[in-house]
Structure formats: C-alpha cells, structure tokens
Number of protein chains: 2
Amino acid sequence: MTASSCYTLIQTTQRASGLAKAKRPLKWQRDPEGMRLRILEAAKQEFSAHGLAGARVDRIAAKAGANKRMLYYHVGNKDELYLAVLEGAYDKIRSEERGLDLEHLDPPEAIRRLIEFTWNYFLRNPEFLSLLQTENLARAKHLKKSTKVKSMHSPFVEMIRTVVRRGVDSGDFQVAVDPVQLYISIAALSFFYLSNSATLSVIFGRDLLDKKAKDERLAHMVGLVLAALTGQSMALFEIAKPAQSRASVVQTA
Amino acid sequence: MTASSCYTLIQTTQRASGLAKAKRPLKWQRDPEGMRLRILEAAKQEFSAHGLAGARVDRIAAKAGANKRMLYYHVGNKDELYLAVLEGAYDKIRSEERGLDLEHLDPPEAIRRLIEFTWNYFLRNPEFLSLLQTENLARAKHLKKSTKVKSMHSPFVEMIRTVVRRGVDSGDFQVAVDPVQLYISIAALSFFYLSNSATLSVIFGRDLLDKKAKDERLAHMVGLVLAALTGQSMALFEIAKPAQSRASVVQTA
DNA sequence: ACAGTATTTATCCAACGGGTTAATTTCTCG
DNA sequence: CGAGAAATTAACCCGTTGGATAAATACTGT
C-alpha cells in the first residue's frame with residue numbers, strides 16, 4: 001500500500017520535461033513541495049482521527065507515501081507538525097469566511113447565510129472540528145505559541161458587528177448583541193451538535209447524522225437565532241423544513 | 001507526595017476497631033472500596049487532563065497513591081478504567097438532573113433554570129466536558145459498549161418535553177420545539193463556550209473565563225433561548241447584566 | 001559531464017508504557 | 001492463634017514509538 005502510493009506519486013508528479021527519455025526507471029523522484037503537502041494532509045487526517053497523543057508518526061509517513069525521516073526534514077518533530085496542521089486548518093476556514101460577503105445582504109438573510117455557511121463548513125470539514133477539540137483538550141498550549149494565528153485576528157467579527165448594527169438601525173433586530181457572543185453562539189449550535197454527535201446519538205437513541213436529522217437541525221438553528229434577534233416566531237424561519245416534518249418532530253420519542 | 005498521600009490514606013481510612021493497639025507500624029492497610037474510589041478519581045483527572053491516549057497508567061497509580069497493579073486488580077485495563085470513569089461521569093450528571101424538578105416552575109422560569117443548571121454544572125465539572133470531548137474523538141467507541149449508559153436513557157428529555165408543552169398551552173411559548181433539539185441547543189451554548197474557551201480566548205484576544213465574561217455569557221444564553229421561545233426581546237431576559245455593561249459590550253473591540 | 005547540494009531511503013536505538021508474574025503483607029474466621 | 005484468602009507491593013517483560021545517524025540517489029549549475 002505504501003509502496004504503491006509512492007509509485008503513484010512518481011507518475012502524477014513527473015514534470016513536463018519528462019519525455020520518454022526515462023532510460024533507467026528512477027527509484028524515486030524529487031518533489032519537495034508535493035511531499036510537504038502530502039505530509040501535512042496525512043498529518044491532518046492522523047491528528048484529527050487520533051488526537052495529538054494518539055497520532056503515530058509512522059502512520060503519517062505511511063499515509064503520505066513517504067519515509068518517516070521526511071517529516072522531520074520538511075516540517076519538524078511531532079509537535080511542530082501538529083501546529084503546522086492546526087495553522088493550516090485555521091487558515092483555510094478564515095479564507096473561506098472572507099468570501100462570505102455578508103455586507104450586501106439584508107441583516108436577517110446575512111445571519112441565515114452565516115449559520116448555513118458555518119454548518120456546512122463543519123459538515124464538509126470534520127477534521128477541523130476534531131483538531132479544535134484536540135487543541136482545546138491541550139488548553140491551546142500549541143496555539144498560544146503560534147505567531148501566525150494571532151495575527152489572523154478575525155476581521156470576521158467586524159463583519160458580524162456591521163451586520164448587527166445594520167439590523168438594529170433598520171429595525172430588523174431588536175438588540176445590539178455583542179458580535180463575539182453571537183458568533184460563538186452560532187458556532188456552538190453547529191459545533192456541539194456535530195462534534196458530539198457520536199455520544200448524543202447513543203444517549204438519545206437516534207442517528208443525528210442522517211439526512212432528515214441534519215435538515216431539521218439546520219432549520220432549528222436558523223429559527224432559534226433569527227427569532228431571538230428579530231423577535232418573530234421561530235416557525236417563520238424554518239422554511240427548510242416542510243410542515244409535515246415539523247409536526248412529526250413534536251411527536252418524536 | 002505520592003508516599004505522603006499514601007500515609008494520609010492510612011490515617012483517614014483506619015477503622016473504628018483501630019485502637020491504640022498498633023504495635024508494629026503497618027506498612028499498609030486494606031481498603032478495597034476506598035482504593036477503588038481513589039483510583040477512579042485519579043483516573044478521571046488523568047483522562048480528562050490528557051485524553052485517552054495521552055493518559056498514563058503510571059500517573060493514575062501515583063495520583064491514587066497506589067501501586068500500578070491495583071488498577072488492574074480493582075478495575076481492569078486502561079480501556080475498562082476509562083469506561084468506568086465515563087460511566088461514573090454520566091451517572092453523576094444524570095442524578096443531579098433528576099433533582100431539577102422543572103415541573104413546578106412556570107415554563108420560562110423552568111427553561112431559565114435549566115440553562116443556569118447546565119452552565120453551572122459544566123463550570124463546576126470541567127472534567128466532564130473533557131471526558132465527553134475525548135469520547136467523541138473516539139466516536140463513542142467505548143460508550144457504545146456500555147450497557148449501563150444505554151439504560152440511563154434520559155428521562156430528562158421527557159421533563160423538557162413537558163415544559164415545552166405547558167409553555168405552548170399557556171401561550172408563553174410560540175412553537176412546540178422538539179425537546180431534543182432544544183436540549184442539544186442549550187447544552188451546546190454552554191458546552192462549546194467552555195470547552196473551547198482556550199482557543200477562543202486566543203483567537204478573540206480576550207479572556208472568556210473571567211468573572212465579567214462569564215456573567216455576560218450566561219445572560220446572553222438565557223436571552224437568546226427565551227427570546228426565541230417566547231418571541232419577546234432578548235433584552236428583557238438579560239436581568240443578570242447591568243445596563244452599563246450591556247452598552248459597553250457593543251463597543252468592545 | 002561532473003561536482004556539489006538537496007532530497008529520500010534504510011537502519012538503528014534508547015526510553016517509554018501497558019501489562020504481567022511472583023512475592024509480601026494484612027485480614028478473617030474457624 | 002493459625003491457615004487460607006484477600007489486598008498490596010515490588011520487579012520485570014517486551015512491543016512500541018519518537019527520534020537520530022548514515023548512506024544512497026536525484027537534481028542543478030557550471
């Protein structure tokens with residue numbers, strides 16, 4: 001498996017200059033950037049699947065189709081590798097957030113979009129949730145050392161502050177809620193549901209990750225937050241959920 | 001330290017029969033129940049501080065003032081120890097929940113009390129949060145094996161269902177929200193804030209665990225949920241937060 | 001083409017860590 | 001009081017794991 005993925009590498013990364021002049025079949029090929037990327041990707045999977053202490057350096061190497069030595073050569077030791085993965089994860093979500101462009105929507109729609117984005121991002125990137133959990137179990141010990149992440153200081157909060165202010169001015173929102181509180185609440189509603197779905201599913205005896213459950217959750221979250229902000233009924237916002245299903249929820253055991 | 005706690009044990013757990021007839025100073029004393037309790041307590045600390053993989057059996061033994069062999073003698077191997085701790089944690093919160101007695105409060109007050117209880121329980125028992133995080137990182141692998149926890153099937157959900165129904169009947173609440181969704185949301189708002197406070201504090205550059213921040217968070221959560229349920233303004237419910245502080249929040253950078 | 005450097009492979013190892021075995025000490029009950 | 005059971009200590013075992021060292025191979029500029 002490891003060997004085969006290594007050969008795959010040789011095929012996929014061969015340069016344009018690689019005509020048919022390959023006399024002796026090379027044992028391996030240089031590709032520092034690609035190697036680094038594959039290492040970080042493999043490390044992301046390993047760390048999110050097993051946590052920091054549970055992650056195995058050898059497994060990361062194997063998954064990356066690399067020799068273990070490569071990790072130390074290209075990134076550093078286990079902790080440095082972990083921090084690099086963490087920084088990459090933050091970098092990714094921040095950059096996607098930047099594209100959200102809430103300024104041009106009317107306030108309630110902006111909040112709805114923010115909730116939906118957060119929910120979908122967490123759904124699409126479960127490793128991100130795991131990495132955050134892992135880092136919080138370590139009380140952010142590594143993140144505190146990071147110079148990069150501190151400078152990322154979310155301009156996102158400013159986006160939300162603006163939306164809230166606009167909402168208050170237009171009369172859509174009833175309170176000038178603290179944007180950080182709001183952001184944390186929105187993240188919390190999605191994050192907890194997804195990151196704790198395993199134990200919650202056991203406890204409540206229902207699969208929280210099937211299609212229907214996920215649809216209902218999104219509708220619930222949007223309804224909860226928008227109802228609180230606008231003072232209107234939750235039911236008004238749950239357009240994603242058909243009336244039939246809404247009734248059945250009340251009866252669910 | 002380890003040795004001293006061991007001697008402490010001998011002093012504190014000596015039976016009533018222990019007159020002053022101790023001729024030869026005993027090297028140690030039998031105390032199976034006490035030993036088991038100390039092991040589980042030490043294990044709880046260790047697992048919550050370091051996760052499953054990061055926990056060290058030797059450290060648990062040391063913290064319990066015991067010989068490593070005792071863990072295996074009284075509980076079992078590392079995994080069994082972990083499961084025992086987890087079951088104990090669920091047992092504890094469930095039993096406290098049972099005393100909440102929401103039935104005799106009017107619906108909005110019942111919800112407020114539920115939120116406050118959850119928040120305070122999480123604050124008082126940070127190990128519980130860590131254990132749940134750890135178990136979810138393991139995708140509830142251990143919890144699924146537990147026969148005990150499955151039978152605990154929360155009668156709590158029924159309590160909430162009743163409160164919601166009463167609230168709808170009385171006109172206090174506008175929607176018959178799914179009690180499981182509501183419970184998850186209430187837990188989420190507290191859980192995420194506290195379990196992720198380490199990384200969030202770094203990112204937002206403010207200490208989320210100081211007194212003022214905690215007070216504001218509780219007020220925010222109560223306001224959010226009750227406003228959504230009743231359709232009234234969030235501001236009405238934030239009685240814990242003085243007006244001055246509320247204004248300053250809006251300005252906070 | 002070739003010398004020097006960058007990248008990768010192949011081994012090795014010392015510490016660690018979960019778990020076990022065997023000996024010791026304390027308690028209980030006839 | 002003394003023998004057998006229960007509880008505890010002490011010492012050891014051995015696979016694992018993060019990390020290091022050294023040798024081999026591929027590329028680059030001249």
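The sequence lines fix the lettering, A, B, ..., with proteins before strands; numbering per chain opens at 1. In this text the structure is predicted, and so the values were computed from the model without any measurement.
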Apply side-chain contact (heavy atoms from CB on, under 4.5 Å) to residues B:Arg217 and B:Leu189 and explain how you reach the verdict.
CA-CA 9 Å; B:Arg217 180 62 186 172; B:Leu189 292 170; 3.8 Å; yes
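Not counting sequence neighbours, the partners of A:His142 by the ring pair (Phe, Tyr, Trp, His ring centres under 6.0 Å) test are A:Tyr82.
Within the 4.0 Å cut-off from OP1 or OP2 of C:dT9, not a single side-chain nitrogen or oxygen of A:Arg69 is found. Taking side-chain N and O atoms only, A:His74 has no distance below 4.0 Å to OP1 or OP2 of C:dA6. In terms of phosphate contacts, B:Arg56 brings a side-chain nitrogen or oxygen within less than 4.0 Å of OP1 or OP2 of C:dG18.
Between B:Phe191 and A:Phe192, the two ring planes are tilted [angle within 30° to 60°].
Rounded to an integer number of Å, the gap from CZ of B:Arg30 to C1' of D:dA6 is 4 Å. In this structure, A:Leu81 places its CG atom 15 Å from C1' of D:dT17, rounding to the nearest Å.
When heavy atoms are screened at a 4.0 angstrom cut-off, A:Ala55 is found touching the sugar-phosphate backbone but no base atom.
Remark: A:Leu83 CG to A:Leu143 CG distance equals 7.5 Å, nearest 0.5 Å.
Residue-to-nucleotide contacts include a donor-acceptor pair under 3.5 Å from the side chain of B:Asn67 to the base of D:dA10. The base of D:dG18 is paired with the side chain of A:Lys68 by a donor and an acceptor separated by under 3.5 Å.
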